[in-house]
> 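What follows is a structure written as structure tokens; I'll ask about it next.
When reading the values below, keep in mind they use all heavy atoms of this one structure, side chains included, and skip hydrogens, waters and symmetry mates. Residue numbers begin at 1 in each chain, while the letters A, B, ... track the order of the sequences. Here the structure is a predicted model, which is why all the values come from computation and not from measurement.
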Protein chains: 4
Amino acid sequence: MNNVVLIGRLTRDPELRYIPMSGTAVSTFSLAVDKGLSKEKKQEMESKGQPTADFINIVVWGKMAENCANYLAKGRLVAVQGRIQSRSYDGKDGVKRYITEVVAGNVEFLEWGDSNNNQGFGNQSSDFSGIEGFHPIEDDDIPF
Amino acid sequence: MNNVVLIGRLTRDPELRYIPMSGTAVSTFSLAVDKGLSKEKKQEMESKGQPTADFINIVVWGKMAENCANYLAKGRLVAVQGRIQSRSYDGKDGVKRYITEVVAGNVEFLEWGDSNNNQGFGNQSSDFSGIEGFHPIEDDDIPF
Amino acid sequence: MNNVVLIGRLTRDPELRYIPMSGTAVSTFSLAVDKGLSKEKKQEMESKGQPTADFINIVVWGKMAENCANYLAKGRLVAVQGRIQSRSYDGKDGVKRYITEVVAGNVEFLEWGDSNNNQGFGNQSSDFSGIEGFHPIEDDDIPF
Amino acid sequence: MNNVVLIGRLTRDPELRYIPMSGTAVSTFSLAVDKGLSKEKKQEMESKGQPTADFINIVVWGKMAENCANYLAKGRLVAVQGRIQSRSYDGKDGVKRYITEVVAGNVEFLEWGDSNNNQGFGNQSSDFSGIEGFHPIEDDDIPF
DNA sequence: TTTT
DNA sequence: TTTT
């Protein structure tokens with residue numbers, strides 16, 4: 001069992017890549033998830049320059065990766081359901097480093113761009129079928 | 001382990017009561033949680049008059065119960081973290097009935113009333129300290 | 001978002017049925033999920049004849065339904081990941097009744113039958129490929 | 001919202017420390033959480049020397065930290081409910097490093113040491129009140 | 001630095 | 001490297 005639910009805001013626009021051979025889409029972004037501190041504690045942390053959110057890296061595969069790249073942008077509020085993954089890689093200094101990130105199985109868009117605050121929507125030529133209205137996008141059929 | 005996360009909209013205004021002896025606040029409401037169906041499946045269900053959401057009863061205790069009663073209203077989007085509870089009671093017909101509901105440990109408000117679409121905010125004399133701004137309210141110190 | 005994780009023990013053997021036309025397997029069982037009370041509170045509840053667990057109905061579809069029917073039995077400890085579903089049906093008395101249950105997307109077996117305490121394992125002719133050893137069975141490819 | 005549930009085995013005995021001024025107990029351990037791969041995929045990964053589990057660092061505070069230190073040991077199966085935390089620290093090489101870990105709000109012991117396979121239980125003089133029997137330990141009153 |  |  002490895003089950004995560006996060007609600008937070010993108011700290012930057014999603015980055016979309018395609019896996020060389022397979023052509024599978026992957027997008028990555030970082031989520032600022034509020035620590036849920038009391039107002040006083042929050043002010044204290046902020047005055048000390050300490051973060052009041054946790055910053056968590058998200059990986060999304062397949063069609064949902066393309067949806068994220070197309071419809072999300074820095075600052076947007078999302079809910080992510082997924083699993084925690086640990087990976088290691090060799091640093092440029094030859095030292096093995098470890099990464100912990102969340103592989104999303106499902107991303108729900110909780111907020112939509114409007115005409116005033118438009119980042120990532122205006123440049124969309126795609127159709128919006130299925131993502132208009134109030135119900136969240138869900139996508140469970142991601143290949144991982 | 002008994003852990004639930006739901007995101008959905010209130011189907012009606014919260015009802016607030018106080019437990020007779022202790023004076024503890026309890027509020028209850030029902031959440032419409034989108035089933036996350038594909039657009040086609042959703043239309044099919046709607047055309048048949050079948051629901052495209054799950055309706056789940058939520059119980060909130062303590063200070064958070066009062067916050068919910070004060071700041072939430074029908075239609076508002078919230079995230080609930082809690083646990084599933086099963087209860088039985090004796091129906092008026094003498095038959096024992098069973099209820100399954102979610103006892104919230106934490107409710108986050110994902111949407112705020114504005115001046116145009118104001119239900120439950122305008123009639124508020126309470127101060128809004130700690131619930132203004134965009135970060136969600138969290139409340140883990142509920143007595144249950 | 002509709003995400004549930006439960007750990008509990010089966011209150012009875014799973015019931016396996018097949019949907020008439022499609023032939024899809026469904027199995028159902030009820031889980032006793034400990035309320036996690038303190039020792040004192042637990043004794044108090046027990047002395048009053050009140051339950052110290054929540055009883056939650058689980059529905060499993062597809063191949064995992066057959067795995068549950070084959071390898072689980074009353075008393076066995078499992079972890080369930082899934083979503084809460086609400087349904088209504090017309091009672092024999094003509095009154096509409098509502099049911100809340102958990103549709104499992106994943107069931108992990110946390111305990112295995114041994115030769116002394118064997119319920120549901122001894123009478124198995126199926127092969128055990130993939131469910132031997134200690135790692136939990138997972139099954140995300142259930143058709144729902 | 002920041003909600004995690006993991007089931008896995010300790011990769012080593014828990015380490016218990018006390019925070020200097022406050023005296024608060026903290027224990028840390030790493031959990032091997034099965035990736036839930038199919039039998040074939042699992043063999044393939046193993047033959048390549050790739051991990052078939054995710055390794056996730058857990059932090060536990062307060063009384064539960066002491067319970068973990070006292071009753072858990074390498075190899076034991078647990079369920080953890082908590083939240084993902086991100087932290088940064090300055091490496092010895094002067095470079096800022098980032099850590100992602102899970103702060104547990106609740107740890108359930110799913111397995112108990114027996115007399116044959118006793119690691120961490122035999123040296124216990126503490127009483128076992130409340131942790132014997134089959135129901136899991138839960139502890140929600142941890143100070144964080 | 002990894003468990004069964 | 002961080003969002004509102």
> Side chain of Y98(D) only, please: which of dT4(F), dT1(F), dT3(E) is the nearest?
dT1(F)
> Between D13(A) and K74(A), is there a donor-acceptor pair closer than 3.5 Å when you use the side chain of the first and the backbone of the second?
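Between the backbone of K74(A) and the side chain of D13(A) there is a qualifying donor-acceptor contact (under 3.5 Å).
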> Excluding sequence neighbours, so at least two apart, what forms side chain to side chain donor-acceptor pair (under 3.5 Å) with D90(D)?
none
> Rounded to whole angstroms, how far apart are CD on E15(A) and P on dT2(F)?
15 Å
> Counting only side-chain heavy atoms from C-beta out, which of dT1(E), dT3(E), dT3(F) sits nearest to N57(D)?
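Closest nucleotide to the N57(D) side chain: dT1(E).
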> Rounded to the nearest Å, what distance is computed from the CG atom of residue L72(D) to the C1' atom of nucleotide dT3(E)?
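After rounding, the reported distance stands at 13 Å.
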> dT3(F) P sits how many Å from N2(D) CG, rounded?
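These atoms are roughly 18 Å apart.
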> Once you round it to whole Å, what is the distance between C1' of dT2(F) and NZ of K96(D)?
11 Å
> State which residues pass salt bridge (Lys or Arg N to Asp or Glu O under 4.0 Å) with E46(D); sequence neighbours excluded, sorted by chain then number.
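Expected list: none.
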> Roughly how many Å is it from CG in D13(D) to P in dT3(E), rounded to a whole number?
12 Å
> Within this structure, what is the CZ-to-P distance between R9(D) and dT4(E), rounded to whole angstrom?
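Atom-to-atom, R9(D) to dT4(E), this comes out as 7 Å.
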> Measuring from the side chain of K74(A) (C-beta onward, heavy atoms only), which nucleotide among dT3(E), dT2(F), dT3(F) has the closest atom?
dT3(F)
> What is the distance, to the nearest angstrom, from the CZ atom on R12(A) to the P atom on dT4(F)?
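Atom-to-atom, R12(A) to dT4(F), this comes out as 14 Å.
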> Please state how far atom CG in L77(D) lies from atom P in dT4(E), giving the value in whole angstrom units.
11 Å
> Counting only side-chain heavy atoms from C-beta out, which of dT3(E), dT3(F), dT1(F) sits nearest to T11(A)?
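Nearest to the side-chain atoms of T11(A), counting from C-beta on, is dT3(F).
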> Would you check if the side chain of Q81(C) reaches a backbone N or O of M1(A) as a donor-acceptor pair within less than 3.5 Å?
no
